[in-house]
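No hydrogens, no waters, no symmetry mates; every other heavy atom, side chains included, goes into these values. Everything quoted here is computed from the prediction, not taken from an experiment.
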Amino acid sequence: MKPPSPVTGLLAALGWVAVAAVSTALLLPGDPLFRTVVAAAAVLLFAAAIVAPRASWIAAALVLAVSGASSLAFGAREPAVVAPVPLAAFLAGSAVRALYDLDGRGRRGLTPVLRAGAAAAGLSATAAWIWARSSYLLLRGVPPPRVLSESGLGAADAVAGTASVLAAILLAVGFHALALRTERDARGRRLLDVSLVAVGVVAGGVALAQRAGVVPFLRAERWSLAGRAQSTFTDPSAAGVAAALLFAPLLARAAAGPVPLRLAAGLGAGSLLVLVADAGSRAGFIGTLASGLLFVLWALTRLAAGDRPGLRRRVVSTVGTLAILAALVFAALLAWPAPRGHASLLARLEASFEPAGTSPESAADRLVLYESAFVLFRQSPIAGCGLGTFRVRVPDVAASLGKVAPSDHPPSLYLGVLSEMGLSGGLLLAVLLGLLLPALGRALAFREARTEEALRSAGAAASLVGLLVVLLFGSHLVYPEIAVLAALLAARLPFPDDDTAARLVGAVLPVAVAASSVLLAGGIVSQAIDTWGPGAAFAHAPSAGVFPVEREPDGRPFRWTASAAAFRLDGPDGPSVASLAVRNARPDGERLSVDVYWNDRFRGKVLLAADRWRVLTLPVDGPGVLRLVPAATFRPFERRDRRSLGLEVGVAPVLSPRGPG
């Protein structure tokens with residue numbers, strides 16, 4: 001297999017650098033110290049991937065393990081999606097290093113299908129971005145803020161959510177391909193094992209230390225009120241599913257191989273149970289239960305019935321003993337009083353079986369999410385509503401059904417793909433499952449000759465089967481750390497290039513990609529047409545490009561504009577006057593020129609002296625859209641404030657009838 005061309009490698013590296021840069025701008029909070037630390041970690045991982053491509057895996061794994069709690073360590077109230085920045089830098093360095101890899105790329109695995117899915121996700125993300133910004137405002141250069149729903153969610157939230165989901169998909173593609181290259185030899189496979197064990201030991205160790213009171217909890221306020229822990233992951237749901245993904249592979253690693261690695265894996269598997277219990281993640285509990293039972297009861301039964309009974313009997317007895325001890329430890333964790341009286345998981349499981357409850361996580365609310373997802377799919381069955389937009393759209397959809405639903409991710413990954421990417425995304429998902437399921441079957445059948453390799457594949461397969469079950473009632477792949485872990489485990493599965501299923505996918509995939517691309521491109525055009533007029537731009541608020549109300553020292557309310565602002569003024573037809581109080585509050589004291597448009601017609605310039613309020617009046621004929629474009633913007637002195645500000649305006653413009661003369 002020929003090595004990658006220099007052009008391809010450089011383009012891949014530049015692409016990952018772009019992912020890191022965009023993720024920094026859209027996903028990270030404005031704290032300069034926090035951004036500096038994340039950027040430094042990204043630079044170090046980039047350099048390590050070039051200089052020490054093998055050892056840098058462990059560094060990347062440790063960054064993955066702690067990225068979810070990093071913003072909380074800097075005093076933030078909510079965790080930030082940090083992982084895409086340093087991990088994309090690591091993949092950029094790996095792409096540069098791959099230029100010197102003379103042995104080729106290694107196995108293909110799921111890489112072709114994942115790349116096709118990433119391309120489709122990019123098209124869907126473009127449609128979501130147009131919907132969030134609206135083509136009307138995009139063509140007129142009016143940036144967010146823009147309200148997208150009756151619940152008050154804005155365009156910035158929607159764009160950041162879409163970027164986060166797209167970054168998770170891209171990271172899964174990159175890490176799966178890189179893991180396949182790394183696993184070409186025994187040393188590389190051992191290195192990936194050490195990396196996964198490191199993630200499990202760090203995450204489980206932090207959870208154990210938090211339970212013992214040695215380490216304080218780093219979690220968002222809402223999770224603290226609910227008594228749920230997140231260890232070092234983005235939130236408790238991500239923590240629980242990450243523990244479920246790591247549990248069976250660590251059990252497999254504890255059964256064979258070097259003694260130090262086996263001991264570390266066993267300790268990591270046990271401490272992950274503490275994480276599941278305190279995270280209160282029902283998805284994590286079900287995933288851990290499904291993968292653990294599948295690995296112990298099915299995989300090890302097949303192993304015990306094979307050849308070399310002495311060795312295999314020892315392996316079975318080792319893992320069986322660990323599984324029994326794990327079950328006892330898990331039961332003790334659920335029964336042992338936690339600081340709030342119960343383990344978080346036990347409290348949530350008890351609430352699930354209550355005949356009636358007022359919890360926002362009740363079964364009735366979950367059913368509303370399912371129903372809303374079906375409604376969104378029926379509204380746009382071909383291209384979907386746009387990647388990552390479900391959580392912004394669902395409150396309004398539920399309201400149209402006469403119900404209330406929280407802003408949340410899709411209740412099921414499979415249903416989420418259909419609602420956000422339509423049948424176009426569902427087609428690629430079906431191709432992915434068509435390649436994945438036979439590989440899972442081969443792994444659980446112990447096709448590998450060496451027992452250690454068979455255990456590695458079986459542990460990964462058991463975890464992925466558990467994840468497929470979890471994804472029936474969750475969409476946890478939206479978390480970058482979960483997407484990366486799933487991609488790494490999928491690289492352990494046997495994907496022979498000459499397999500019938502692989503050849504079938506090779507024949508079907510180009511057709512599926514072409515069909516999905518055309519349909520999703522049509523979705524982009526459809527979103528552009530649907531949001532072409534001012535009705536869509538101002539559907540939920542009469543203004544765009546203006547920030548929330550603030551108050552001057554004397555108590556007068558005002559709003560800052562961005563680089564442009566637009567206002568829809570409603571009123572009776574006929575001669576009218578549009579009026580709006582404006583003020584040039586530039587800190588440099590310079591005059592400010594403002595272009596004024598009414599219904600997209602240029603009506604002149606206004607020159608505003610510094611630090612004076614002025615009422616801007618404009619004779620018009622009936623209702624319309626007033627647009628203001630300041631000639632210059634500035635950044636606030638507050639370092640955490642990332643806004644680009646234009647001028648101050650009154651709370652709302654007024655359209656009043658114009659008298660004769």
W57 and T182 side chains, donor-acceptor separation under 3.5 Å =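 Distance-only check passes for T182 and W57.
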
Could you grab the distance from atom [atom1] of [X] to atom [atom2] of [Y], nearest 0.5 Å is fine?
X: L427; Y: M421; atom1: CG; atom2: CE; result: 10.5 Å
X: L464; Y: L245; atom1: CG; atom2: CG; result: 7.0 Å
X: L196; Y: R253; atom1: CG; atom2: CZ; result: 10.5 Å
X: L413; Y: E420; atom1: CG; atom2: CD; result: 9.5 Å
X: Q230; Y: Q210; atom1: CD; atom2: CD; result: 8.5 Å
X: F34; Y: L28; atom1: CZ; atom2: CG; result: 5.5 Å

Spell out, as yes or no, whether a donor-acceptor pair under 3.5 Å connects the side chain of [X] to the backbone of [Y].
X: R262; Y: A254; result: yes
X: S516; Y: G425; result: no
X: R181; Y: L178; result: no
X: H176; Y: L110; result: yes
X: T162; Y: V159; result: no
X: S412; Y: F473; result: no
X: S94; Y: A49; result: no
X: R219; Y: R228; result: yes
X: S164; Y: A160; result: no

Sequence neighbours left out, what passes salt bridge (charged side-chain N to carboxylate O under 4.0 Å, His left out) with [X]? Give chain and number order.
X: R54; answer: D185
X: R35; answer: none
X: R456; answer: E183, D193, E453

Could you give me the CA-CA distance, side-chain angles and deciding distance for L467 and L477, then say whether side chain to side chain contact (heavy atoms under 4.5 Å, CB included) is met?
-> CA-CA 9 Å; L467 181 64; L477 288 180; 4.2 Å; yes

Could you go step by step and tell me if L493 and R442 meet the side chain to side chain contact (heavy atoms under 4.5 Å, CB included) rule?
-> CA-CA 8 Å; L493 301 179; R442 283 191 295 270; over 6 Å; no

If you look at every heavy atom in [X] and [Y], which pair is closest and at what distance?
X: L166; Y: A125; result: CD2-CB, 4.0 Å
X: V241; Y: S281; result: N-OG, 4.3 Å
X: A243; Y: L275; result: CB-CD2, 4.0 Å
X: G200; Y: L250; result: CA-CD2, 4.3 Å
X: S457; Y: A443; result: O-CB, 3.6 Å
X: R642; Y: T24; result: NH2-O, 4.2 Å

Candidate list V199, V194, V201, test side chain to side chain contact (heavy atoms under 4.5 Å, CB included), partner V197, passing option =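 Single pass found, and it is V201.
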
Qualifying residue, where the test is side chain to side chain contact (heavy atoms under 4.5 Å, CB included) with L428 and the options are V513, V113, L433 |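 Of the listed options, the one satisfying the test is V513.
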
Mind checking what makes side-chain contact (heavy atoms from CB on, under 4.5 Å) contact with A18, not counting sequence neighbours?
->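 For A18, no residue satisfies side-chain contact (heavy atoms from CB on, under 4.5 Å) once neighbours in sequence are set aside.
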
Face-on cation placement of R282 at F285 ring, 6.0 Å and 45° thresholds |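 Negative - R282 is either too far from the ring of F285 or too far off its axis.
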
Can you tell if the side chain of [X] reaches within under 4.5 Å of the side chain of [Y], non-hydrogen atoms only?
X: P249; Y: L489; result: yes
X: V206; Y: S231; result: yes
X: L64; Y: L485; result: yes
X: L273; Y: T288; result: yes
X: L468; Y: L437; result: yes

Output, in order, the C-alpha distance, side-chain angles, deciding distance and verdict of side chain to side chain contact (heavy atoms under 4.5 Å, CB included) for L208 and V215.
-> CA-CA 9 Å; L208 185 61; V215 175; over 6 Å; no

What pairs meet the side chain to side chain donor-acceptor pair (under 3.5 Å) rule with one or both residues in residues 463-491, with sequence neighbours excluded?
->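 Side chain to side chain donor-acceptor pair (under 3.5 Å) check on residues 463-491 returns T234-E481, D235-Y479.
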
I'd like a table of donor-acceptor pairs (distance under 3.5 Å, sequence neighbours excluded) in which one partner is a side-chain atom from residues 86-93, with atom names and distances.
none

Run the side chain to side chain contact (heavy atoms under 4.5 Å, CB included) check on L45 and S56 step by step: do they pass?
-> CA-CA 7 Å; L45 281 181; S56 61; 5.5 Å; no

